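Remarks on the structure that follows.
Count residues from 1 along the sequence. Whatever order the structure lists ligands and atoms in, that order sets their numbers, starting from 1. A quick note: this is a predicted structure, and the numbers were derived from the prediction, not measured.
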Amino acid sequence: MDTIYLHGVRAKTVIGWYDWERVAQQDVELDLDIGLPSNRASASDHLDDTIDYDLVVRTLRDELAQQHFQLLEALAEFIAHVLLARFGAPWTRVSVTKLGILQDVARVGVTIERGHRS
Ligand SMILES: Nc1nc2c(c(=O)[nH]1)N=C([C@H](O)[C@@H](O)CO)CN2
C-alpha cells in the first residue's frame with residue numbers, strides 16, 4: 001500500500017484530563033501515516049487520484065480548533081476517524097504528542113492504528 005506521511009504537524013485544540021488544561025487551547029504535534037486507496041496518482045499525475053495532504057492539514061486544524069478532548073487517545077481516535085471516513089484512507093497510523101506538558105519530559109504521546117493495511 002502506498003502511503004502519504006505528514007510528520008510534525010502543529011495544531012491547536014483543547015486537550016487534557018485536568019481542569020487547568022481545559023481553559024485554553026494547547027499546541028499538539030501530529031505524525032500521520034495515511035494509506036492511499038489506490039496508486040492511481042503515480043501514473044495519472046493528478047491530484048484527484050490521491051488524498052490531498054494540504055486539504056488534510058487544513059481540515060484537521062479546522063476541526064481540532066473546534067473540538068475538546070480529555071485524553072490523547074480520544075484525540076487520536078477522532079483524527080483517525082476523519083482520515084478513514086472523510087478522506088477514504090483504508091488505513092492510518094496516528095501519533096499525537098503533547099510538548100512540554102510534563103516536567104523533564106520533552107514529549108509524551110499516543111500512537112494508534114486504524115483500518116486495514118494490505
Ligand atoms: N494515557 C494518558 N495518560 C494521561 C493523559 C492522556 O491523555 N493519556 N493525559 C494526562 C493529562 O492531561 C496530562 O497531559 C497532564 O498531566 C495525564 N495522563
Identify whether the distance between the nearest side-chain nitrogen and carboxylate oxygen of Arg10 and Asp27 falls below 4.0 Å.
no
With a 4.0 angstrom cut-off on heavy atoms, strictly below it, pick out the residues next to ligand 1 and order them by chain and number.
Gly16, Trp17, Tyr18, Glu21, Leu71, Leu72, Glu73, Lys98, Ile101
Please list, one pair per line, the donor and acceptor atoms closer than 3.5 Å that link side chains of residues 100-109 to other protein atoms, with sequence neighbours excluded.
from, atom 1, to, atom 2, distance (Å)
Arg107, NH1, Glu29, OE2, 3.3
Arg107, NH2, Glu29, OE2, 2.9

Does a side-chain heavy-atom distance below 4.5 Å link Val96 with Ile79?
yes
Does Thr92 use its side chain to pair, donor to acceptor, with the backbone of Val94 at less than 3.5 Å?
no
For Glu21, check side-chain hydrogen bond (donor to acceptor under 3.5 Å, both in side chains) against everything at least two apart and list the hits.
Gln26, Lys98
Not counting sequence neighbours, which residues clear side-chain hydrogen bond (donor to acceptor under 3.5 Å, both in side chains) with His46? List them please.
none
